Structure formats: C-alpha cells, structure tokens
Amino acid sequence: MPSITLPDGSVRSYDAPVSAFDVAMSIGERLARACVGCFINDELSDLSTVIDADCELKLVTEKTREKKDDPDALQLLRHSTAHVMAEAIQRVIPEAMLVYGPPVDNGFYYDIAFPEDRPLKDGDFEAIETEMASIVKEDRKFTRYDLEYSEGLEKVKSEGSKYKLDNAHAAHRAGSMTLSFYATGEPGKDWEDLCRGPHVPSTGRIGAFKIMSLASSYWHGDENSDRLTRVYGTAFFNKKDLNAHLERLEEAKKRDHRVLGKKLKLFHIDEAVGQGLILWTPNGSVLRKELQQFIAAELEKQGYHEVFTPHIGKLDLYRTSGHFPYYAESQFPPLIERDHMVQLSDEGCSCAQLSNHMKTGEIEGFMLKPMNCPHHIKIYDSQPHSYKDLPVRLAEFGTVYRWEQSGELNGMTRVRGFTQDDAHLFCTPEQVGHEVQGCLSLVKTIFNILGMDDYRVRVGLRDPDSGKYTGDPSNWDKAEKACLEAAESLGVPFTQEPGEAAFYGPKIDFVVKDVIGREWQLGTVQVDYNLPERFDLSYIGADNEKHRPVMIHRAPFGSMERFIGVLIEHFAGAFPVWLAPEQVRVLPISEKSNEYAGEVLSALHAVGIRATLDDADTRVQAKIKQGAEMKLPYMLIVGPRDAENRAVSVRAHGIQKDLGAMPLDNFVSAIAEEYRTKGRSSVKDRFQLVSV
RNA sequence: GCCGCUGUAGCUCAGUGGUAGAGCACACCCUUGGUAAGGGUGAGGUCGUGGGUUCAAGUCCCACUAGCGGCUCCA
C-alpha cells in the first residue's frame, strides 16, 4: 500500500501497487496525457514504472508549467528517438551493429559500427527518416523488461554484438544485478535494445525529428580501438520547436567568427601560407591593435615591464626547460644549422638517426618557440635579483608556434601560430597569492569592459592519485590554497577540477563557449615551481642567502587569435566604437553633398576617428544597406539640409530607425568621447539631450 | 592523426558524362536621389592539384591538398 508524496507536499495512498501513469490519471486525465516520464525519488523513470513502496513522485510533462521546454522531457524524447533511429537504420542496413546511443545537448547520437562494404552515407538520411516516420506513426509503446544478469547476458550473447555485450559487462561492473531491455512495441515481436532507459511512453510522442549529421568516433574514446560512425539527430515534441531550433542554428552560423571574419574582412587563412596561420587583414589588425594597446596600458598600471624576444631559440634552451623532446609531437620540427645539415646528409643520416641525435644533444639547432617562458627566464636571469626587486613582471605579446593536429585546427580559435598576451612573474613564495590575485583582477577588468560575463572559471588542482607532478608537496599545498583563495576573491562561480593542474603547478583558467557551444580556454594563470628549479633561478633574500623564486605564467586573453575569434562571436561582428575597424561612414545623399561630406570626414579624422566616405553613385538606401551589413557603429547621412545646418543625420547600429539630425560638432565630440571611454559614454546617450 | 562530408567567378551557390551558369560584388553608361538593394551594358573561370577510365570528364575512379562536422589531443 504505497503512499506517494507529490512535489506540492500532498500525499496519495493506494491500496495496491500503481504505475506513475495511474497516479497521473488519478489526478487528471489531461495531466496523464501530457506526461512523458517521472522522477521516482529523484530518479528519472518510465511513466509505466510500477510503484509498490512509499516514495516521492514528480511527473515530467512535455512542457513546464511556464510552457517552456522541460529538459528532462526532452532527454526522454531524444533517447527514445535514438532507439527509433537505430531501428530504422537497421531496417536500411541490417548488418549495422549498435554501440551506444545517449541523448546530448540539443539532440542525441547513436554510435554504430557499419560493415566496411556498406558505410552510412548522408544520402541514406531520407530513407532512414522515412522509416522513422512510419515507426512514429505506428505509435508503439516502449516496453521495458528486466532479466536477471546471467539470463540477460545469454540473451545479449546470442545476439552476437560484442559492443552490446561490453555494455552489459559495464552495467554489471557498475553494480547492476539485472539487465534491462526496451522493446519498441511488444517484447519478442518488435525491435528491442539493451538499454537502461527510461523512455517516453510510446513512439507517437515523437512530434518532430531530424537526422543532423555523421561523424566518427572511437569505441571507448580510444583511438586505437574500433572506429565507429556517430549519427547525430535531434527531436522535439512538435514541428514548431524543431523549426525554431533549426533557425537558431542558422542564426548561430551567421555569428560564426569564420563567416564574419570573411564578411567583415577581419582575417584570412591562405592555403599557400599554411594551415592554421592567420593573416591579419587591415580591419582585423585595427581590432587587435586596440586590444593590445588596452591591455598594455593596464599592464603598465600593474607594474609590468614590456619586453621583446625572438621567435626562435636554441634546442638546448628547451632541453633545459623540459619542453624538448617531451613535447616533440606538438612542435614544429627543429631548424638545423646549415653546415650540420650538409654533413649529416653526406653521412647518409636517416631521419630517425637525426631525431635521436637531436634528442641526445649531439646535434644543435633552433626551435620555433612553442612558448615564451624560457626567453623571459633568461631575461630575469641576466642579472642578480634582491628580494627587494621582486616581483619582477615581464610582459610580451609573444608569438609562439605549435604543431596542432590538422583535424583540430579551427578558424582563429585553434591555430598553429599565435600571439599570447603573455607575462611571467618572478616572486617570493609569500607573494604568490597576491600576484595571482592581481592577474585575476586584470582578467576580470578586461572581461567587464567587453561585457563578457558568460564564462566559467576552472581551478586546476593535482590529481591526488597521480605521481606526474614535480615539486615539493608543501609548495603545492600553498599554491593550490593561493589559487583557490584568489578564485574566491573574484566573486564569480568557479569549479575545482582535480587532475587539471599542469605538471609543474596549479592553474586557473577562464573558459568561454562559442556560438555552437564548444568551450574554449582563454585566459590562464599558472603557478610554476618547476622551471625556476630547472633554470636554477635565484634571488638574494633578507638573510643574504640564495632563494628560489616562484614563477607565475599568465595570459589574460590566452592568445590574440583565439580571443578575437571568440570576441567576434560575442559581438556578432557588431563591435563597440573603440574596437570597430570602421567607426563611422559618411553617406552623402548625392554628389551635390560630397563637398560637405568631405568636411564632415575631416572633422572626424581630426579627432582620430576611423571614418570613411561612401561617395559611390548609388542611392542612399543602398549605402545604408551596405553599411548595415558591415555592422558599422555609426552612419552619417548628409544632404543639403544637413549642410545648411552644419549637422549630420545619425544612424546607429542596432537601431532600425534613424536618430535624426545632430549638430556636427556635437557628434564629433560625442563620438570622440565614446571612443575614449570605451563606450561608457555614447553618442546615443548624448543624442537624447542635444538634437536640432 | 582518424572517420565522414565538401572544394565551380572576389563572395554565396546551381550545374551528375556531350559548347561553364545565376545573384551579389567589380567596370562603364543612364539616373542626382533623404534612411535596408533604381535601371542598363560589360568584364571576370586551366571547375582545389595530379593521375586514370571514356570517342567525350566540372560530372565517374584513385592519390594528394585545403575547409567543414566529429573523435583523439591541447605543455
């Protein structure tokens, strides 16, 4: 006789075991029909689950009471759709072996092993979707049944899929004494799958679905294991929601920094130059220069000294730092001295021998620098330091080169040559906490100015079970404590992630999402006890003894390339005035107004505004459209009326209507102010007050 | 690096074995205009590269190269 507690605290008692659906029916038929699943004691379950003991029950309906999408309901729906898709795929390609098909953000996927002679092609989508539609139309019930483990295992074995057998073993290892199966319809008659569930009540609940794309994956995520085909799809309760989702994807595509980079002429990647190597066009260069000037000014305030170092360094430098040969895979191959090269070639040295010689140090050469630290360390070490000098803060917009895997390259966000807004701080152990805090506040300042508040902070700590870390455990304790305290003082949520530390020290990373939901690490602050050791760095303490300084690596933007890539998407290409490559465009209505337009342009140039003149022989409507497409902050329409009043008619980005006319001098001073204050005052504000 | 998809004019794309196309951008002409595309004419292509099949290849096959979506990786 179960007593069931509902979310509102009310308790319902039943004489006999009841299903969650029965409970819903006893509350109301309409509710029951809207239900797709339930939580029984906080565990997401089938609506058909029979309840025979006291519990808390929360029903899951298609939409929440506020008519919003219910994430739990969508998860049930999508997992169920994954089953329907798998059945449809096996109808089309019967030899397809299913592996694993979970719901994910925005949809679901199913990893499937296809026979080599019959891979899945995107041309198959239509046929599969047709099969899916018919399964949905049949409105078959998802029917669960549980078998005792050994019995279930026999059943899975008899089906002959090593993948499903593996899933069964995994379930057992996780402590499950039974195996659950779901039939899409009637067990023994209809299609079924080993599955933990839960599912929506029946296939008819799937209102709208679409197979999105094919990708590949590895079994167990192991690149040496079987290659699987991952079929991505999505599903919603109705067509309208699906269409809205597809439209959102289209919108996101328009914000993609690779698309906008081309349209707004911000950067170019050229096959002839090389993969992952960014060519900054004039527009993009303006953007980058503004950011660099901004950050350089902030650094000066914080007592940093700017330095410049070359793009290459001797191999031996990186042997000392430990970066070579341990990270040889992710570096550009070394440059070997000419005479050496000739000699080796005459000796008939093989590539493997050459590589060994370089590792052992028998051959000297240079490396494109994969990071700036060794160079900065050598600057620190070029003279003796007193504890009174510390901290020493060396900053450089340093360009580094890393051999990223070709498949990982992505627009500006994953490249092979990039410029870090790098700095290295050398300080006493006591100063670590304070310095880390200074770094974090700098990052926060920058993010605030740019209005980037949608990021997360990750504190990477040691994995207590791993021995890969170097350095004194007591120093680690201190550094981790300092990082956590610093993160706390930031006043934004952060996560602690054991095992995410670098081998030489803990770190704090800033992670932001791009328009399609991928996360990118931007700024980073890392505490390092290792390199000072390796390079035998020291300072003289108050006790007149040598002491080991601690190093802090920090790059608040991460790299100019990745940061600007993310920034393009953040602003959707509509940059604030201080960053906009073209801040103002002057649009004369006809040739008759060209002369006055020229005056306006000169007035803007005189105060350092990046302004251009569109004196093309087209109508002003066309000029406005073009300017709007370039997402210009301001367009000034000037015609005879404006010339007469020495005014400009203002159009601001994001405001459909024109703002009307404003005296030229007022506009000039207002936009100069908007530029200078990085948007804290704007033409738009001023416009309300002063107009003609 | 691996799997799949894609590569045609500056850009976005159509063209599936038989003379290379459209829109936008560009040039010239007409138009001199008041808030998201005025009209006309023209120029622009070794169809990513290299091989192969074929009487004939942008189209089919192979290799390479680059981009995209994932996987793996990211000091």
Side-chain angles (χ1 to χ4, degrees), chain A residues 104 109 111 113-114 116 119-125 212-232 253 256 258-259 262-263 265 268-276 318 321-324 326-331 370-371 373 400 402-411 413-416 468 500-505 507 509 516 518 520-521 524 526 528 530-531 553 558 562 587-594 616-629 635-642 649-651 655-661:
Chain A
V104 290
Y109 67 78
D111 277 348
F114 287 95
E116 258 176 57
L120 189 70
K121 304 273 179 191
D122 56 5
D124 295 319
F125 287 3
M212 302 298 287
S213 62
L214 292 178
S216 90
S217 63
Y218 302 105
W219 195 25
H220 298 149
D222 173 4
E223 64 176 316
N224 299 314
S225 189
D226 297 10
R227 274 188 300 272
L228 307 171
T229 302
R230 180 167 294 183
V231 191
Y232 279 90
K253 223 186 261 176
D256 190 312
R258 292 163 300 188
V259 174
K262 199 173 269 183
K263 193 170 139 194
K265 301 186 176 71
H268 173 64
I269 299 171
D270 196 286
E271 210 176 307
V273 175
Q275 284 182 285
Y318 300 100
S321 73
H323 292 106
F324 183 84
Y326 299 107
Y327 298 105
E329 291 299 299
S330 47
Q331 290 160 182
M371 77 295 302
C373 1
V400 298
R402 300 182 188 179
W403 188 259
E404 304 290 357
Q405 295 186 64
S406 63
E408 258 311 324
L409 298 173
N410 182 288
T413 46
R414 191 79 183 263
V415 292
R416 284 183 172 164
K468 73 168 181 174
E500 281 296 308
F503 71 88
Y504 50 74
K507 60 176 185 171
D509 294 326
I516 49 178
R518 285 177 299 205
W520 297 99
Q521 181 195 313
T524 182
Q526 309 182 357
D528 183 358
N530 177 49
L531 285 178
H553 310 246
R562 180 175 292 179
L587 316 182
I589 274 166
S590 77
E591 272 173 34
K592 290 174 185 163
S593 301
N594 280 358
D617 175 22
T618 52
R619 305 176 75 160
V620 72
Q621 287 90 331
K623 294 181 186 184
I624 287 167
K625 179 166 194 298
Q626 282 155 18
E629 275 175 356
M635 285 183 272
L636 303 181
I637 289 93
V638 297
R641 284 209 297 270
D642 304 289
S649 298
V650 182
R651 250 192 108 101
I655 300 175
Q656 184 68 31
K657 211 167 133 284
D658 82 300
L659 295 174

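To find a chain, count down the sequence lines: A is the first, B the second, and so on, and within it residues start at 1. From a predicted model like this one, the values you see are computed outputs, not experimental measurements.
- Side-chain contact of A:His268 with A:Asp270: a donor-acceptor pair under 3.5 Å is present, judged by distance alone.
- The listed nucleotides are B:A66, B:A36, B:G38; the one nearest the side chain of A:Arg651 is B:A36.
- Using a 4.0 Å cut-off, some side-chain N or O of A:Lys262 falls inside it from OP1 or OP2 of B:U12.
- Taking A:Val400 as the reference, A:Lys369, A:Asn372, A:Arg402, A:Phe418, A:Gln420 meet the side-chain contact (heavy atoms from CB on, under 4.5 Å) condition, with sequence neighbours excluded.
- Donor-acceptor pairing under 3.5 Å, judged by distance alone, is absent between the side chain of A:Glu629 and the base of B:A36.
- For B:G69, the OP1/OP2 oxygens have a side-chain nitrogen or oxygen of A:Asn410 closer than 4.0 Å.
- For the pair A:Lys623 and A:Pro588, the tightest heavy-atom approach, listed with the atom from each and the gap, is NZ-O, 2.9 Å.
- Residue side chain A:Tyr109 does not reach the base of B:G69 through any donor-acceptor N/O pair under 3.5 Å, judged by distance alone.
- With a cut-off of 3.5 Å on both pairing distances, the Watson-Crick or G-U wobble partner of B:G21 is B:C13.
- Base engagement by A:Ser649 is indicated by at least one non-hydrogen atom pair under 4.0 Å involving a base atom.
- With hydrogens and angles disregarded, no donor-acceptor distance shorter than 3.5 Å links the side chain of A:Arg619 to the backbone of A:Ile589.
- For B:C2, the paired base is B:G70 (Watson-Crick or G-U wobble, both distances below 3.5 Å).
- Counting distance only, with no hydrogens placed and no angle test, the side-chain atoms of A:Ser216 and the base atoms of B:G4 include no donor-acceptor pair under 3.5 Å.
- Remark: A:Phe324 engages no residue in a ring pair (Phe, Tyr, Trp, His ring centres under 6.0 Å) (not counting sequence neighbours).
- A donor and an acceptor atom never sit less than 3.5 Å apart when one is taken from the side chain of A:Tyr218 and the other from the base of B:C3.
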Give me, pair by pair, the N or O atoms of the protein and of nucleotides 42-51 of chain B that are less than 3.5 Å apart, along with how far apart they are.
none

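- Partners of A:Trp520 according to the ring pair (Phe, Tyr, Trp, His ring centres under 6.0 Å) rule, which considers only residues two or more places apart in sequence or in another chain, do not exist here.
- Side-chain N/O atoms of A:Asp617 and base N/O atoms of B:U32 include no donor-acceptor pair closer than 3.5 Å.
- B:G7 is paired with B:U65 under the criterion used here, namely a Watson-Crick or G-U wobble arrangement in which both key atom distances are under 3.5 Å.
- Looking at heavy-atom distances under 4.0 Å, A:Ala628 makes contact with a base.
- Within the 4.0 Å cut-off from OP1 or OP2 of B:A37, not a single side-chain nitrogen or oxygen of A:Gln621 is found.
- Looking at heavy-atom distances under 4.0 Å, A:Gln656 makes contact with a base.
- For A:Tyr318, there are no ring pair (Phe, Tyr, Trp, His ring centres under 6.0 Å) partners, not counting sequence neighbours.
- Only one option out of A:Ser216, A:Ser213, A:Ser217 pairs with A:Arg230 in a side chain to side chain contact (heavy atoms under 4.5 Å, CB included); it is A:Ser217.
- Applying the 4.0 Å criterion to OP1 and OP2 of B:G1, one finds that A:Ser406 has a side-chain N or O inside that range.
- Residue-level contact check: A:Gly274 touches neither bases nor backbone, having no heavy atom under 4.0 Å from any strand.
- Judged by atom type and distance alone, A:Arg619 does not reach the base of B:A36 through any side-chain donor-acceptor pair under 3.5 Å.
- Taking a pair to require two hydrogen-bonding distances under 3.5 Å in either a Watson-Crick or a G-U wobble arrangement, B:A27 pairs with B:U41.
- Using a 4.0 Å heavy-atom criterion, one finds that A:Arg227 contacts the sugar-phosphate atoms exclusively.
- Each of A:Gln331, A:Arg416, A:Glu329 was compared with A:Trp403 under the side chain to side chain contact (heavy atoms under 4.5 Å, CB included) criterion, and only A:Arg416 meets it.
- Both distances falling under 3.5 Å, in either a Watson-Crick or a G-U wobble arrangement, occur for no nucleotide opposite B:A36.
- A:Arg230 comes within 4.0 angstrom of sugar-phosphate atoms only, judged by non-hydrogen atoms across all strands, and of no base.
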Original post:
Is there a side-chain contact (heavy atoms from CB on, under 4.5 Å) between A:Val650 and A:Leu636 once you walk through the steps?
Top reply: CA-CA 5 Å; A:Val650 182; A:Leu636 303 181; 3.9 Å; yes

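- When the side-chain nitrogen and oxygen atoms of A:Lys592 are compared with OP1 and OP2 of B:G33, one or more of them lie within a distance under 4.0 Å.
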Where do N or O atoms of nucleotides 73-75 of chain B meet protein N or O atoms at under 3.5 Å, pair by pair?
residue	atom	partner	partner atom	Å
B:C73	O2	A:Arg414	NH2	3.0
B:C73	N3	A:Glu408	OE2	3.4
B:C73	N3	A:Arg414	NH1	3.3
B:C73	N4	A:Glu408	OE2	3.3
B:C74	O2	A:Arg414	NH1	3.2
B:C74	O2	A:Arg414	NH2	3.2
B:A75	O3'	A:Tyr504	OH	3.0
B:A75	N6	A:Ser330	O	3.1
B:A75	N6	A:Ser330	OG	3.2

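- Using a 3.5 Å distance cut-off with no hydrogens or angles, the side chains of A:Ser649 and A:Asp658 do not pair a donor with an acceptor.
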